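Keep in mind that the numbers below use all heavy atoms, side chains included, and drop hydrogens, waters and symmetry copies. Chain letters run A, B, ... following the sequence lines, proteins first, then strands; residues in each count from 1. Quick caveat, the model's predicted, so the values are computed rather than measured.
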There are 2 protein chains.
Amino acid sequence: MADVARRAGTSTAVVSYVMNDGPRAVAAATRERVLAAAAELGYRPNRIARALRSRTTGVVGLILADSPNPYFGDLARHVERALDERDRLVLIGNAGYSAERQRRLVDRFLAAQVDALVIVSADGGEDVTPQAEAAGVPIVYVHHGPDGGRAPLVEADNQHAAQEAVEHLRGHGHARIAFLSGTHDGGPVGRRRAAWQALAGDDPDALLLRCAYTRADADVLIRRLADDDAVPRALITATDEQAIGILSGAWASGIAVPDELALISLDGTPESAHTAPALTVTRQPLRAMAEHAVELVFDPAFHAPAARAPLVVRRSCGC
Amino acid sequence: MADVARRAGTSTAVVSYVMNDGPRAVAAATRERVLAAAAELGYRPNRIARALRSRTTGVVGLILADSPNPYFGDLARHVERALDERDRLVLIGNAGYSAERQRRLVDRFLAAQVDALVIVSADGGEDVTPQAEAAGVPIVYVHHGPDGGRAPLVEADNQHAAQEAVEHLRGHGHARIAFLSGTHDGGPVGRRRAAWQALAGDDPDALLLRCAYTRADADVLIRRLADDDAVPRALITATDEQAIGILSGAWASGIAVPDELALISLDGTPESAHTAPALTVTRQPLRAMAEHAVELVFDPAFHAPAARAPLVVRRSCGC
DNA sequence: CTGAAAGCGCTTACAG
DNA sequence: CTGAAAGCGCTTACAG
């Protein structure tokens, strides 16, 4: 920077003003000389020095509850894109469903002086808002936040999604519609389950199934139901992971989807379009959620309603 | 840091030595006082200042050819874990199959002073080694690197993987085995295809299929083959994405896998275990590849042979 | 509109 | 074994 200033016959202050377009004006002629000198010397500002001095790094930390899960992966991708468009770099971390690992990542990201934190939390994660606030770093949860968390949470209209799925299956003539939830369904899945429950009729408990949000567990579950001759005629799964496991277990058990088992999933990740058969889903508005979260983290006053998850009709429902 | 030094009755130099366990020794008693003072004050070293001074940030840049693709996502996850174990933070970027975006990401990561660059490149990406070398930053390619790239490339033993798949299908009695490659198959897929070709018999061209590495394209391809009554009896797909698209298109066309179409995929991502039917695969050693790459980026002299992709027998082959 | 200079929070030669 | 001090490359109040 000193070299550039010297070559342009000015001071480092002025070089800074032209490189950053401010905070003070620079005469057009001086500006030209600085730009020319910078180009000739191949000068690139050192972000680290800038960060130390200005206390802003241009880096945002993104923490995922479970990065192998394509739903989170897809959400992460949209957050990355939104951040990239705002010229922010993203530091990524996978909490692997561990509150301890999540806290550790927050600590490390804070030490790295991130400008903001975007967290896709999981059931049971603790609220890290106090840590972030102590460091003066804004934070926002996406899809799922801790119970009683103080930071804002961006999620889709999960109630509406579940209602759409129930109605569509009713339209196919199904009166009894089962629901596959998580083992401990707090947060967004809990809201999906509650919305289904309100429409499920007399004895929802008899129709409520539970398993972890993994293909393997759903696969095992449906095989066991097949063995017991207890496969429901219509099923809504809380997540795509579960729906995909159901499909694979049903195939292995000789249960035909959708003829013997009509299925709708409530995530609608890209995977759901190319299963056998293709899944009918309510598609979570991941892009809108990511945009909303990024907007919010830079402008706490920003407000937008929860985006809806449109019904995408494919084959697994019987259409 | 000055506060800690004052409280411990010593200098900032000594505080630095104890926080970093070096480079100089500190008397045990002094060390204790510093640690106590740091704990009482809740002192956390500022990584940015440390980076400015020591010219090492503890951050590694990871660039992915296409982050929505689960194969790359899975590879990324292993790289992240390996880096996390070495106490490195990871800056992530998605090139989206664009050489231009890849170059831009490298520029930004270099400006952010990353200590190293790990790149999962795509067909046709240009070599960014000169950029990295100019900045004195080590770089390693994983899975796929540019043609004639100067940096090291870590990949699996792709030739062996394709051979295993051919042999297994032969064992099922298939003499004519088709191969689904990419549209322009350089790099690892090219090596898989070449290994198959060497074993394919008289007229490999008649058995060579091509489409992009996406579910959608493979889905369309198999439907068209079904319409033309030209579905092969046995098929090896270069990637899981393609295999999954084949499965979904075959289902839609009423072609039974494995009875009418035996299938083996050469990626073996976690997804492949829960398709309908479950895919027989050669499982790419992603974890070993990630470890190897991370090892290599910190120690250019490190050497290990290409890891093999074991055959994982499930249902799609006919077993 | 511009310059000289302080200071961000560290690390590390230098001197003792 | 320890301390005083320079300096990493910037930004920005201060003074003109």
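At least one cation-pi condition fails for A:R104 and A:F109: the charged atom is not both under 6.0 angstrom from the six-membered ring centre and inside a 45 degree cone around its axis. Cation-pi check for B:R7 over B:Y43 is not met; the charged atom does not lie both under 6.0 angstrom from the ring centroid and within 45 degrees of its normal.
Rounded to the nearest Å, the gap between the P atom of D:dC1 and that of D:dA5 is 24 Å. Taking atom P in both D:dA4 and D:dC8, the straight-line distance is 22 Å, to the nearest Å.
Annotation: the span from B:Q284 atom CD to B:D157 atom CG amounts to 9.5 Å, rounded to 0.5 Å. Taking CZ of A:R44 as the reference point, atom CZ of B:R108 lies at 10.5 Å (rounded to 0.5 Å). Between A:L64 atom CG and A:N69 atom CG the span is 9.0 Å, to the nearest 0.5 Å. For the atom pair A:Q102 CD and A:Y97 OH, the distance stands at 12.0 Å (nearest 0.5 Å).
Base-pairing analysis of DNA chain C finds the following stems of at least three consecutive Watson-Crick or G-U pairs, with both pairing distances under 3.5 Å: C:1-3 with D:14-16, C:5-12 with D:5-12, C:14-16 with D:1-3.
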Letter by letter from the 5' end, nucleotides 10-16 of chain D scores (B base, S sugar-phosphate only, - none; protein heavy atoms under 4.0 Å) BBBBB--
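Side-chain atoms of A:T12 do not come within 3.5 Å of backbone N or O of A:M1 as any donor-acceptor pair.
With sequence neighbours left out, A:R81 forms a salt bridge (Lys or Arg N to Asp or Glu O under 4.0 Å) with A:E85, A:E291.
Among D:dG9, C:dT2, C:dC8, the nucleotide with an atom closest to any side-chain atom of A:V26 is C:dT2.
Rounded to whole Å, the distance from CG on A:L52 to P on D:dG9 is 12 Å. C:dG9 atom P lies 9 Å from atom CD of A:Q113, rounded to whole Å.
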